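Taking it in order: structure first as structure tokens, then the write-up.
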Amino acid sequence: MQKIVILFISTLLLTSCLKNIEEDDIIPQESFPSGSTIDMVALTETYKFQIYYSLENKKKVSKNIKSDWDLGFESTTNGWHIILNSSKHMKVGKSESTSLQEEINSAEIQMSFDAATGSLDSTAINNWRDESPKVYVIDRGSDENGTVLDFKKVIFEKLENEKYFFAFSDMNGTNIQNFEISKNPEKNFVSFSFNNNGEVKNIEPISTDWDILFTQYSKMLYDGETPFPMNVTGALINKSHIKTAEITNVSYENITADNIHAFNYLAYADVIGYDWKELSGDVTSGNFTYVMQENLCYVLHNTLSDKYFKLRFKGFYNKSGEKGYPSFEYQEIYF
């Protein structure tokens with residue numbers, strides 16, 4: 001009887017522990033004699049997570065809910081740019097007002113998105129230092145549940161002694177908050193959320209610890225010649241030390257140390273992007289699936305360690321048939 005009780009209690013404890021484990025944490029990596037690794041990240045069907053991944057260390061470095069932050073403040077020594085959390089479809093526009101208390105009609109403000117390339121000369125907030133104390137109107141987009149978030153008004157005041165100084169308010173000019181953020185030289189960006197009257201968030205890992213961010217992000221697409229912004233789901237590289245080549249004319253198996261230097265490597269964030277998968281079926285009715293582009297693969301060059309990795313995507317579904325679970329194969333290329 002005592003053994004039965006102990007077994008029952010142990011089962012309860014084990015079940016309790018398993019309930020607290022995220023599904024992506026219990027998906028095992030598969031290793032092969034060739035040195036390839038297959039792994040999967042769980043963004044989930046609503047794409048609610050952002051997941052940072054290290055190829056060299058073969059692991060997920062960190063994970064956060066995509067609505068956890070709003071702005072990223074560049075943290076490098078000479079950096080001064082401010083980016084939007086594009087996974088929420090955020091956008092921003094500059095007004096001619098110089099006071100947070102002055103009434104602004106957001107419908108009259110021209111709004112812009114950050115470029116999906118991650119190019120810092122194409123940020124929507126742009127060179128705010130030349131515009132201070134102009135008021136920026138920020139559309140915070142929507143969260144992982146599709147809930148539309150509020151607008152904020154912001155004045156970016158200055159960057160001094162490695163600190164950003166700014167003030168923000170609700171759209172009616174109330175609840176004015178003054179805030180300062182210190183750079184963290186170990187990271188590309190320090191993250192900030194407007195929630196709880198403003199808070200610094202520990203989102204992005206140390207810049208040398210991750211290579212790829214799996215996430216939703218805003219991308220300017222085209223219907224004929226007419227551009228329209230859309231949220232897509234894919235992979236963004238860490239531009240601080242990763243350059244990437246997209247390969248369509250050489251198979252994954254035939255990418256070796258003999259030919260990797262012939263490829264064209266780019267430092268854009270969205271070289272991998274979202275189009276390693278494509279829709280098959282009727283989008284209008286919702287009867288469609290994502291299929292992998294089998295002839296598409298990538299080589300990533302870590303310029304810090306001078307290591308090369310080849311990578312290709314294997315699928316976008318988990319074993320239950322739920323979308324939002326990218327699986328991929330990668331392998332270090334040795335000389």
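Quantities reported herein were computed from a predicted structural model and do not represent experimental measurements.
Residues Asn295 and Gln293 meet the side-chain proximity criterion, which asks for heavy atoms closer than 4.5 Å. Looking at Val41 and Lys60, their side chains come closer than 4.5 Å, going by heavy atoms from C-beta outward. Contact of the Gln101 side chain with the Ile176 side chain is registered, since non-hydrogen atoms from C-beta on lie closer than 4.5 Å. Residues Lys134 and Glu96 form a side-chain contact, since some pair of their non-hydrogen atoms from C-beta on lies under 4.5 Å apart. Within the 4.5 Å cutoff, side-chain heavy atoms of Ile83 are placed close to those of Leu120. Lys243 is not listed as a side-chain neighbour of Val271, based on a closest heavy-atom distance of 4.5 Å or more. A heavy-atom distance below 4.5 Å is found between the side chains of Leu300 and Ile212. At a threshold of 4.5 Å between non-hydrogen side-chain atoms, the residues Lys219 and Met230 do not count as touching.
Taking both residues in full, the closest heavy atoms of Trp210 and Ile237 are given as CZ3-C, 4.3 Å, listed atom of the first, atom of the second, then distance. For Ser106 against Val137, the heavy-atom pair with the smallest separation is CB-CG1, 4.2 Å. Between Met220 and Pro229 the shortest heavy-atom distance is SD-N, 3.5 Å. Between Ser240 and Asn238, the shortest heavy-atom distance links the atoms OG-OD1, 2.7 Å. Counting all heavy atoms, side chain and backbone alike, Val250 lies closest to Ile247 at O-CG2, 3.6 Å. The heavy-atom pair separating Ser87 from Gln216 by the smallest distance is CB-O, 3.1 Å.
Of the possible donor and acceptor atoms, none in the side chain of Asp170 sits under 3.5 Å from a partner among the backbone N and O of Asn172. Not one N or O on the side chain of Ser142 forms a donor-acceptor pair closer than 3.5 Å with the backbone of Val148. Under the 3.5 Å distance criterion, the side-chain polar atoms of Thr256 are matched with a main-chain donor or acceptor of Asp258. Under a 3.5 Å cut-off, the side chain of Thr98 and the backbone N or O of Pro133 do not form any donor-acceptor pair. When atom types are taken as modelled, the side chain of Ser207 and the backbone of Asn188 share no donor-acceptor pair closer than 3.5 angstrom. Although no hydrogens or angles enter the test, the distance criterion places no donor-acceptor pair under 3.5 Å between the side chain of Lys63 and the main chain of Ala42.
A distance of 6.5 Å separates CG of Leu71 from CZ of Phe192, quoted to the nearest 0.5 Å. For the atom pair NE2 (His301) and CG (Leu304), the distance works out to 9.0 Å, reported to the nearest 0.5 Å. Annotation: the span from Cys297 atom SG to Leu311 atom CG amounts to 9.0 Å, rounded to 0.5 Å. In this structure, Asn85 CG and Tyr217 OH are separated by 14.0 Å, a value rounded to the nearest 0.5 Å. We find the CD-OG1 distance between Glu278 and Thr289 to be 10.0 Å, quoted to the nearest 0.5 Å. Between the CH2 atom in Trp276 and the CZ atom in Phe316 there is a gap of 5.0 Å [rounded to 0.5 Å].
The aromatic rings of Tyr330 and Phe328 sit parallel to each other, their planes meeting at less than 30°, with 60° as the upper class boundary. Note: Phe214 and Phe313 have perpendicular aromatic rings, judged against thresholds of 30 and 60 degrees for the angle between ring planes. Taking the six-membered ring where the residue is Trp, Trp128 and Tyr164 present tilted rings, their angle falling between 30° and 60°. Between Tyr317 and Tyr290, the angle of the ring planes lies from 30° to 60°, which puts this pair in the tilted group.
With hydrogens and angles left out, the side-chain atoms of Asn145 and Thr147 include no donor and acceptor closer than 3.5 Å. Residues Asp121 and His81 bring no donor and acceptor atom of their side chains to less than 3.5 Å of each other. When only modelled atom types and interatomic distance are considered, Asp39 and Tyr53 share a side-chain donor-acceptor pair under 3.5 Å. A side-chain N or O of Ser119 and one of Thr117 form a donor-acceptor pair less than 3.5 Å apart. In this structure, a donor-acceptor pair under 3.5 Å is absent between the side chains of Gln50 and Tyr52. Neither side chain, Ser169 nor Asn175, offers a donor N or O lying under 3.5 Å from an acceptor on the other. Between the side chains of Thr303 and His241, not a single donor N or O lies within less than 3.5 Å of an accepting N or O.
Tyr308 and Ile242 are members of different hydrophobic clusters when ILVMFWY side chains are connected at heavy-atom separations under 4.5 Å. Two different hydrophobic clusters hold Tyr274 and Tyr222 under the rule that ILVMFWY side chains link at heavy-atom gaps under 4.5 Å. Hydrophobic cluster membership is shared by Ile51 and Ile65, with clusters built from Ile, Leu, Val, Met, Phe, Trp and Tyr side chains linked at under 4.5 angstrom. Cluster annotation: Val200 is connected to Met90 through the hydrophobic network of ILVMFWY side chains, with a link wherever side-chain heavy atoms come within less than 4.5 Å. Clustering ILVMFWY residues whenever any of their side-chain heavy atoms sit less than 4.5 angstrom apart, transitively, puts Ile155 in the very cluster that holds Ile109.
Glu144 and Lys66 are not joined by a salt bridge, as no carboxylate oxygen comes within less than 4.0 angstrom of a charged side-chain nitrogen. Electrostatic pairing of Lys187 and Glu204 does not count as a salt bridge here, judged by no charged N lying under 4.0 Å from a carboxylate O. Ion pairing between Glu253 and Lys310 fails under the 4.0 Å rule for side-chain N and carboxylate O. Between Lys323 and Glu45 there is no salt bridge, since none of the side-chain N atoms of the basic residue sits less than 4.0 Å from a carboxylate O of the acidic one.
When Phe168, Trp69, Phe166 are each tested for a ring pair (Phe, Tyr, Trp, His ring centres under 6.0 Å) with Phe194, only one passes: Phe168. In summary, of the residues considered (Asp114, Asp70, Asp139), a salt bridge (charged side-chain N to carboxylate O under 4.0 Å, His left out) with Lys88 occurs for Asp70 alone.
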Practice task
Decide yes or no on side chain to side chain contact (heavy atoms under 4.5 Å, CB included) for Ile82 and Thr123, but give the supporting numbers first.
Solution key: CA-CA 7 Å; Ile82 302 170; Thr123 55; over 6 Å; no
Exercise for the section: Show your working on side chain to side chain contact (heavy atoms under 4.5 Å, CB included) between Leu221 and Phe228 and close with a plain yes or no. Expected result: CA-CA 5 Å; Leu221 303 178; Phe228 63 96; 3.8 Å; yes
Exercise for the section: Given side chain to side chain contact (heavy atoms under 4.5 Å, CB included), test Asn105 with Glu103 step by step and report yes or no. Expected result: CA-CA 7 Å; Asn105 183 355; Glu103 184 177 347; over 6 Å; no
Practice task
Check step by step if side-chain hydrogen bond (donor to acceptor under 3.5 Å, both in side chains) holds for Glu74 and Thr76.
Solution key: CA-CA 6 Å; Glu74 191 179 8; Thr76 55; 3.3 Å; yes
Problem - Stepwise side chain to side chain contact (heavy atoms under 4.5 Å, CB included) test for Phe309 and Glu56 - result: CA-CA 9 Å; Phe309 298 86; Glu56 188 165 350; 4.1 Å; yes
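Geometric assessment of Lys158 against the ring of Phe165 yields a positive cation-pi assignment under the 6.0 Å and 45° thresholds.
By the 6.0 Å contact criterion, CD on Gln110 is open, its count of non-hydrogen atoms from other residues, nucleotides or ligands being 12 or less. More than 12 heavy atoms of other residues, nucleotides or ligands sit less than 6.0 Å from atom CD of Glu199. Taking a 6.0 Å sphere around CG of Asp150, one finds it holds more than 12 heavy atoms contributed by other residues, nucleotides or ligands.
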